[in-house]
Engineer: 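First the structure, then my questions, so here it is.
What you are looking at is a predicted structure, and each value in this text was computed from that prediction instead of being measured. By convention in this document, chain letters (A, B, ...) are assigned in the order of the sequence lines, proteins followed by strands, and residues within each chain are numbered from 1.
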2 protein chains.
Amino acid sequence: MNTRKVSIKDIAKICGVSVSTVSRVINNNGRFSEETRQRVVKAIKKYNYKTNTAAKTLRMQKSNAIGILVPDLANSFFSNLVENLEKNFFIKGYSTMICDTGRDKDRELTYLKMLEAKVVDGLIVISGSRKYNPDIIDPKIPVICIDRSSDSPNVTYIGSNHEQGARMATAKLIEAGTTPILLCSSNQKISSTKDRIRGYQIEMKSQHLSDNDCKIVAIKSHKSNIDQRGIEIRSILRNMLNEQNLPIGIFAISDTIAAEVTVAAHELELNIPRDLKVIGFDDAPIAKYCYPQLTTIRQNTQEIVDKTSTLLLQMIQGDNSIRQNREIIDVDLIERGTV
Amino acid sequence: MNTRKVSIKDIAKICGVSVSTVSRVINNNGRFSEETRQRVVKAIKKYNYKTNTAAKTLRMQKSNAIGILVPDLANSFFSNLVENLEKNFFIKGYSTMICDTGRDKDRELTYLKMLEAKVVDGLIVISGSRKYNPDIIDPKIPVICIDRSSDSPNVTYIGSNHEQGARMATAKLIEAGTTPILLCSSNQKISSTKDRIRGYQIEMKSQHLSDNDCKIVAIKSHKSNIDQRGIEIRSILRNMLNEQNLPIGIFAISDTIAAEVTVAAHELELNIPRDLKVIGFDDAPIAKYCYPQLTTIRQNTQEIVDKTSTLLLQMIQGDNSIRQNREIIDVDLIERGTV
DNA sequence: GTGAAAGCGCTAACAG
DNA sequence: CTGTTAGCGCTTTCAC
């Protein structure tokens, strides 16, 4: 019952030709007669032959696979990114190895090693809390970081203009007459978060608002503990109600937090946007199901994805000129019901 | 500048031993002196040696990789499933190849072939519109289907008790005094959807309700076209308002649709749960951000994931007794604000 | 306790 | 146009 998988050798025997000839027709590389071609193709179909990728990779020192390190697939922005990256690479004949690091340092390291051992042709690293420093990884394999900085000179950076987005949101809130404005952040120290905070500060300053008008608070509880976060946010809201006049203005660092703000507002019987105005970030799917629907900053996922795949493919093809690039993608303000 | 990656041969040379000895040390397999062990381990660290997976896979006819076919990573239920599967397999030393088929038949086929060519040790197929029929795939590789039926005798099925969930939702709505009850479905013919529809029908019948009390409608527009879906749902709601008294009862086949029902209700100025009661399915993240928060049926993702990984690993280890299994996982009614 | 050698399935250089 | 052959990096008998 040990039907070993059919190999190129078997096909060769069946067709009465050599393995090299079979290889030639498979890869359409070199010369062979039309007649043998047909015979080989037929046998391949009949015996359901499939190239053994491991063997091919070993021989070619090229896997036609690219690795993707993602911090959290449950985050819709990331899963969207990954899904579309996957689609682009698939079209180009590349398979993708998606690795969810759970924002864990050790898992990231393990995955990095695993991917290198698998001879990936390229690497995409999405977000993450520290800089990406690929000491462990062969410097010859091209890598692109999305929303993650790196000290390494041959790593390309691609990311949204988070600073611009934060300025747009802040300006909108100021224009709507809500000062002071609370920036409600998470406590993750990822680079996009830092950029957004900076954008907020720059915009406040450029509109000549005092330091008293800037308030930044970081949600401490983890997003998996949604009840705890709700409690935390309600308490923040209550404090604001005590200290200032309506309407309250909040710039939330993400749509998740913005959504939680809307829920807390309902519980405190605050009317949005009359009593409280809030803007999120990302245009996550939840934005449209909040009540009212969230005003938010949309990242241009498709452009990020397209730039990333085009560039990485070029780098894999050996075009070294483009390394050390930095691409910043514009964002848009989506006006809905919370301002 | 061609620093070829360091191989087992290089390590052997450096340590003044043979490749077989190095291999023995690496895999802790066979005998070697403590002294050589230390030398080898040191060299491996110093030269940052990493096993070439392709070579190992080729030699061992085993990849320590498992393939996952998922219809849509942007769906939170699926991404959750995948994320947790990944975590489990990672712990056991298996890497996962996540393939998003976009519910496309051809892409699914291509991926299936690709995965087999990669010598995956096992396969997980999640949902999908047709039955899973693995003619193309080597029958020796173990496969588990989640929420997807198959005619093949050596495919294991694992899935939630969708029928039970639908009955619970329907019963709850009846108990809350809303008849007739509208079942608001998508137009995807996946097996879990069918089970839920059947559960609704069975429960209606068992409560001696007439055919007039059963109304099933399928949303036609694709979920990517969210505006169109909104229009469709509002028109459905308006029809119901014309034909029956308040409160209206809706069992939505998914939380996405339930969420859209809440949005449409706000636009029509219907109060939930006073004028309209709705129950969703899945307990997706959006459920908690709707207003009011969605009452829904929760699938036990963790149990599905654990059962799947345990079983697949057993099958990979050669335990054939468990093939052709069928595991049905209980679901829970989560009561929140929409009933 | 260690080494030599075969071979996993494939491609490409070379020879004819 | 086609066959022979070496070798990618690894594990595993079989000798010693």
Side-chain angles (χ1 to χ4, degrees), chain A residues 2-41 43-44 47-65 113-114 116-121 138, chain B residues 2-41 43-44 47-65 113-114 116-121 138:
Chain A
N2 189 12
T3 34
R4 215 180 77 284
K5 235 178 279 180
V6 27
S7 79
I8 204 170
K9 222 179 194 168
D10 302 318
I11 298 292
K13 200 168 288 171
I14 291 161
C15 299
V17 295
S18 73
V19 287
S20 32
T21 301
V22 177
S23 172
R24 285 190 194 101
V25 339
I26 288 174
N27 300 296
N28 193 21
N29 172 13
R31 279 196 297 279
F32 41 81
S33 74
E34 172 60 18
E35 195 229 319
T36 45
R37 214 214 79 224
Q38 294 200 358
R39 239 182 323 146
V40 170
V41 167
I44 285 179
Y47 293 93
N48 195 22
Y49 163 81
K50 276 177 229 87
T51 302
N52 181 315
T53 327
K56 186 165 187 164
T57 299
L58 176 59
R59 176 62 230 236
M60 306 285 276
Q61 305 289 21
K62 176 165 190 338
S63 61
N64 267 44
K113 283 185 188 158
M114 187 191 275
E116 186 177 9
K118 284 194 187 286
V119 210
V120 291
D121 298 337
D138 182 348
Chain B
N2 190 13
T3 34
R4 212 180 79 287
K5 235 179 280 183
V6 27
S7 78
I8 204 171
K9 221 178 194 167
D10 303 317
I11 298 293
K13 200 169 289 169
I14 290 160
C15 299
V17 295
S18 73
V19 286
S20 25
T21 301
V22 177
S23 170
R24 284 190 195 102
V25 171
I26 290 173
N27 300 295
N28 192 22
N29 174 12
R31 278 196 298 279
F32 41 82
S33 73
E34 171 61 18
E35 196 229 319
T36 44
R37 213 214 81 223
Q38 294 199 358
R39 235 177 330 140
V40 169
V41 168
I44 285 180
Y47 292 92
N48 195 21
Y49 164 80
K50 276 177 229 89
T51 302
N52 181 315
T53 326
K56 185 164 187 165
T57 298
L58 177 59
R59 175 64 228 236
M60 307 284 275
Q61 305 289 22
K62 177 165 188 342
S63 61
N64 267 42
K113 283 184 188 158
M114 187 191 273
E116 185 177 9
K118 284 195 187 283
V119 211
V120 290
D121 298 337
D138 183 348

Engineer: Among A/Lys13, A/Lys9, A/Arg24, which one satisfies side-chain contact (heavy atoms from CB on, under 4.5 Å) with A/Val19?
Structural biologist: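 Among A/Lys13, A/Lys9, A/Arg24, the one that satisfies the side-chain contact (heavy atoms from CB on, under 4.5 Å) with A/Val19 is A/Lys9.
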Engineer: Could you check whether any side-chain heavy atom of B/Asn27 comes within less than 4.5 Å of a side-chain heavy atom of B/Lys56, counting everything from C-beta outward?
Structural biologist: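 With C-beta onward as the side chain, the pair touches.
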Engineer: The side chain of B/Asn52 is closest to which nucleotide in this list: D/dT12, D/dG9, C/dC10?
Structural biologist: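 Selected nucleotide (nearest to the side chain): D/dG9.
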Engineer: Over how many whole Å does the gap from A/Ile8 atom CD1 to D/dG3 atom P extend?
Structural biologist: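 My rounded result for the distance is 13 Å.
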Engineer: Taking for each residue the nucleotide of DNA chain C with the nearest heavy atom, is it B/Arg39 or B/Met60 whose nucleotide lies nearer the 5' end?
Structural biologist: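 Here B/Arg39 is the residue nearer the 5' end.
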Engineer: Among residues 23-31 of chain A, which residues get a heavy atom nearer than 4.0 Å to DNA chain C?
Structural biologist: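 DNA chain C contact set from residues 23-31 of chain A: A/Ser23, A/Arg24, A/Asn27, A/Asn29.
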Engineer: Does D/dG9 have OP1 or OP2 under 4.0 Å away from a side-chain N or O of A/Gln61?
Structural biologist: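 A/Gln61 to D/dG9 OP1/OP2: side-chain N or O found under 4.0 Å.
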Engineer: Strictly below 4.0 Å: does A/Thr21 bring a side-chain N or O up to OP1 or OP2 of D/dG3?
Structural biologist: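 True: A/Thr21 side-chain N/O within range (under 4.0 Å) of D/dG3 OP1/OP2.
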Engineer: B/Ala55 or B/Ser20: which one's nearest nucleotide on DNA chain D is closer to the 5' end?
Structural biologist: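 Whichever sits nearer the 5' end wins; that is B/Ala55.
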Engineer: End-to-end bend of the helix from C/dG1-D/dC16 to C/dG16-D/dC1 (five-pair axes, 10° rounding)?
Structural biologist: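 Nearest ten degrees gives 40° for this helix.
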Engineer: Compare the minimum distances between each of D/dT2, C/dG3, C/dC10 and the side chain of A/Ser33, then state the nucleotide with the smallest one.
Structural biologist: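 Looking only at heavy atoms from C-beta outward on A/Ser33, the closest nucleotide is D/dT2.
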Engineer: Whole angstrom is fine here: how far is it from CG in A/Leu58 over to P in D/dC10?
Structural biologist: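 So the CG-P distance, A/Leu58 to D/dC10, works out to 9 Å.
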Engineer: Once you round it to whole Å, what is the distance between C1' of D/dC10 and CZ of B/Arg59?
Structural biologist: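 One finds 7 Å between C1' of D/dC10 and CZ of B/Arg59, rounded.
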Engineer: If you assign A/Glu34 and A/Val19 each to the DNA chain D nucleotide with the nearest heavy atom, which residue ends up on the more 5' nucleotide?
Structural biologist: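 First, find each residue's nearest nucleotide; the 5'-ward one identifies A/Glu34.
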Engineer: Could you pull out the closest heavy-atom pair between B/Val120 and B/Ser63, with the gap in Å?
Structural biologist: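 Shortest heavy-atom contact: CA-OG, 3.5 Å.
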Engineer: How close do A/Gln61 and B/Asn52 get, heavy atom to heavy atom, and via which atoms?
Structural biologist: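 In terms of heavy atoms, the two residues are closest at OE1-ND2, 4.4 Å.
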Engineer: With a cut-off of less than 4.0 Å, is there a side-chain N or O of A/Lys56 near OP1 or OP2 of C/dG9?
Structural biologist: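 A/Lys56 to C/dG9 OP1/OP2: no side-chain N or O under 4.0 Å.
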Engineer: Give a yes or no on whether the backbone of A/Ala117 and the side-chain of B/Thr53 come within a donor-acceptor separation of less than 3.5 Å.
Structural biologist: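 Confirmed, B/Thr53 side chain pairs with A/Ala117 backbone.
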Engineer: Answer yes or no: does a side-chain N or O of A/Thr57 lie under 4.0 Å from OP1 or OP2 of C/dC10?
Structural biologist: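 No, outside the criterion.
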Engineer: Using the test side-chain contact (heavy atoms from CB on, under 4.5 Å), find all partners of A/Asn64 that sit at least two apart in sequence or belong to another chain.
Structural biologist: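 For A/Asn64 the side-chain contact (heavy atoms from CB on, under 4.5 Å) partners, ignoring immediate neighbours, are A/Lys62, A/Tyr94, A/Asp121.
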Engineer: Between D/dC8 atom C1' and B/Lys9 atom NZ, what is the distance in whole Å?
Structural biologist: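 These atoms are roughly 9 Å apart.
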Engineer: Check whether any side-chain N or O of B/Ser18 sits under 4.0 Å from OP1 or OP2 of C/dG3, and answer yes or no.
Structural biologist: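 It does, given that an N or O in the side chain of B/Ser18 lies less than 4.0 Å from OP1 or OP2 of C/dG3.
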Engineer: Show the nearest heavy-atom pair for residues A/Phe32 and A/Thr36, with the distance to one decimal.
Structural biologist: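 Scanning both residues completely, I find the closest heavy atoms to be CB-OG1, 4.0 Å.
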Engineer: Which atom pair, heavy atoms only, marks the closest approach of A/Ala12 to A/Val22?
Structural biologist: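 That would be CA-CG2, 3.7 Å.
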Engineer: Write down the distance between NZ (B/Lys13) and P (C/dT2), rounded to a whole number of angstrom.
Structural biologist: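 Going from NZ in B/Lys13 over to P in C/dT2 covers 19 Å.
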Engineer: What integer distance in Å separates A/Phe32:CZ from D/dC1:C1'?
Structural biologist: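 It is 10 Å, rounded to the nearest whole Å.
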Engineer: Taking only the side-chain nitrogens and oxygens of B/Thr36, find out if one of them lies under 4.0 Å from OP1 or OP2 of C/dT2.
Structural biologist: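 Yes, because at least one side-chain N or O of B/Thr36 sits under 4.0 Å from OP1 or OP2 of C/dT2.
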Engineer: Do the non-hydrogen side-chain atoms of A/Asn48 and A/Val6 ever get within less than 4.5 Å of each other?
Structural biologist: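 Not in contact.
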Engineer: Is A/Lys113 paired with A/Glu116 through a side-chain N to carboxylate O contact shorter than 4.0 Å?
Structural biologist: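 No, this pair does not count.
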